[in-house]
Amino acid sequence: MGISELVTPPPGPQRGAAMREVTVIKDAALLVRDGRIAWVGPARESPAVPTEHDLGGVAVVPGLIDPHTHAVWAGDRLGDFEARVAGVPYETILAAGGGIRSSITATAAATVEELVALARPRLMALRQSGATTAEVKSGYGMDFSAELRMLRAIRALQREFSLVSTLLIHVPPTEEREAYVRGVCQELIPLAAAEQLASAVDVFCEAEAFSVEEARRIFLAAQANSLKIKLHADQFHALGGTELACQLGALSVDHLEASGPAQIAALAASGTVATILPGVTLHLGLPAAPGRRLIDAGAAVALGTDLNPGSSPLFSAAMAVALAVRLNGLTPAEALTAATVNAAAALGLSDRGALSVGQRADFLSLRGPDWRELPYTLGTNPVREVFVEGVNQ
């Protein structure tokens, strides 16, 4: 296939020092059959096939997996952005009707068709940047009917993109909070499960969002409805949500900018993936999640864009890889592992993320012969072609 070098981590989540152990095959070839990888190795050893596609001597890596996006939203937060860079506190922006509540207002007013039309170009940008699978969360609805519209928009987009849908319980209402949490547990989660609109439930556990005990109640309701669980935690404060998620077997805990030794130790000792989101650090100026310390402690670290209108308008999975090296202290090989097999594990997927026999044939041809252009490049797309199940997108 004219591959200068094929670079891949092994299948399955990789922890600690194993995240650096990637296989590099020079002058490689890849055999795809029925959307799966049937053979991979040096080109001189490749089996005879009826049709060959010459990639022109460039590097090939697995398709990137974005395990954390909020790609379905309406409205914008451009006024918030301008105010924030001028020094207006977020609390003031929120009190004036801005912030996440402005996204909730705009998204709740949109139809399923409008949400699909708005999200499509965002997902196309992610795919062009190398994301062959992406997770998309609800969470800008608050009202249950609006949340369900978001999930239905994601389901409609699954006809065009490889997406994993997550029900996000994002922020509580200003009044009748207890009734809202009870309704989430007794009405919204069972509805989403019954219609198979989501595979997991995520909760934002923060001082301005849901408490650890509220997250526990929501998680137990999700598990009672056979849904997996995930958590936004430690973005601003370490409240104990990370420890709770690890205890309950969550797929992942995401953000972790405020994580300390106790949270790092909990993640390293558990099967829960630690997902870092460097776009937030770049856009908001927050301290970077401790990616280096998490890996050195033995955790499985994944990497996502957190594409959203407020805190991470990052439309490139490749750029997330580049930022993780610069901001979170990952090596290029660790960043590739974080964005592929570990990101798949953060979504409960085991059939993609590695270029090995039996895996989905999701892969990228880069623009040059050295795969390290992927984490190196800024400002232009290092990805030339995107293949999903062996088909050029």
Side-chain angles (χ1 to χ4, degrees), residues 61-74 76-77 103 107 115-140 150-151 153-166 168 199-200 202 230 252 254 275-283 302-324 335-336 338-344 346-347 349 352-353 360-367 373-375 377-389 391-393:
V61 298
L64 306 180
I65 296 167
D66 192 341
H68 186 125
T69 86
H70 305 255
V72 173
W73 79 80
D76 65 65
R77 303 268 281 279
S103 293
T107 304
L115 293 173
V116 167
L118 289 166
R120 183 178 287 113
R122 301 165 190 156
L123 293 170
M124 289 178 66
L126 278 180
R127 186 165 63 191
Q128 289 165 0
S129 76
T132 51
T133 297
E135 185 237 31
V136 184
K137 304 177 189 293
S138 70
Y140 291 132
M150 290 189 72
L151 292 174
I154 298 167
R155 182 162 64 186
L157 289 159
Q158 286 173 328
R159 293 193 286 267
E160 305 172 51
F161 303 92
S162 180
L163 304 178
V164 174
S165 179
T166 296
L168 171 60
S199 61
D202 193 349
K230 301 167 65 72
S252 70
D254 304 19
T275 299
I276 59 174
L277 306 166
V280 178
T281 295
L282 178 70
H283 189 67
L303 171 63
T305 62
D306 194 15
L307 170 61
N308 74 73
S311 62
S312 184
L314 178 57
F315 292 76
S316 171
M319 179 66 82
V321 172
L323 292 177
L336 180 66
T340 54
V341 288
N342 283 9
L347 297 178
L349 302 173
R352 65 200 74 180
R360 265 183 35 154
D362 296 352
F363 59 94
L364 313 176
S365 67
L366 305 183
R367 294 188 185 279
E373 291 284 348
L374 177 66
T377 300
L378 298 173
T380 189
N381 188 3
V383 177
R384 190 186 71 183
E385 294 175 297
V386 178
F387 294 83
V388 177
E389 296 186 279
V391 177
N392 192 337
Q393 303 299 299

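Between L277 and S312 the shortest side-chain heavy-atom distance does not fall below 4.5 Å. Under the 4.5 Å side-chain criterion, counting only non-hydrogen atoms from C-beta, T275 is in contact with S252. Residues H70 and V136 have side chains not in contact (no heavy-atom distance under 4.5 Å, counting atoms from C-beta outward).
Taking the salt bridge (Lys or Arg N to Asp or Glu O under 4.0 Å) definition, one finds that R127 meets it with nothing, sequence neighbours left out. Residues satisfying the side-chain hydrogen bond (donor to acceptor under 3.5 Å, both in side chains) criterion with R155, sequence neighbours excluded, are absent altogether. For K137, the salt bridge (Lys or Arg N to Asp or Glu O under 4.0 Å) test picks out E135, D202, with sequence neighbours left out. R384 is linked by a salt bridge (Lys or Arg N to Asp or Glu O under 4.0 Å) to nothing, counting only residues two or more places apart in sequence or in another chain. A search for side-chain contact (heavy atoms from CB on, under 4.5 Å) contacts involving S311 returns V280, L284, D306, N308, not counting sequence neighbours. Among residues two or more places apart in sequence or in another chain, the salt bridge (Lys or Arg N to Asp or Glu O under 4.0 Å) test is passed with D362 by R360. Applying the side-chain hydrogen bond (donor to acceptor under 3.5 Å, both in side chains) rule to S365 yields the partners E385; only residues at least two apart in sequence or on another chain are considered. Considering only residues two or more places apart in sequence or on other chains, S165 meets the side-chain hydrogen bond (donor to acceptor under 3.5 Å, both in side chains) condition with none of them. Scanning for side-chain hydrogen bond (donor to acceptor under 3.5 Å, both in side chains) contacts around T340 gives an empty result, with sequence neighbours left out.
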Which pairs would a plain distance check flag for residues 117-124, meaning a side-chain donor or acceptor within less than 3.5 Å of a matching protein atom at least two apart in sequence or in another chain?
unit_1	atom_1	unit_2	atom_2	d
R120	NE	E160	OE1	2.8
R120	NE	E160	OE2	3.2
R120	NH2	E160	OE2	2.9
R122	NE	L118	O	3.3
R122	NH1	A71	O	2.9
R122	NH1	W73	O	3.0
R122	NH2	W73	O	3.3

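The nearest pair of heavy atoms linking T132 to S162 is O-CB, 3.3 Å. When all heavy atoms are compared, the tightest approach of R77 to S103 is NH1-OG, 2.8 Å. Residues A344 and I65 approach most closely at CB-CD1, 3.6 Å, considering heavy atoms.
Put simply, the side chain of S129 gets close to the backbone of L126: a donor and an acceptor are under 3.5 Å apart.
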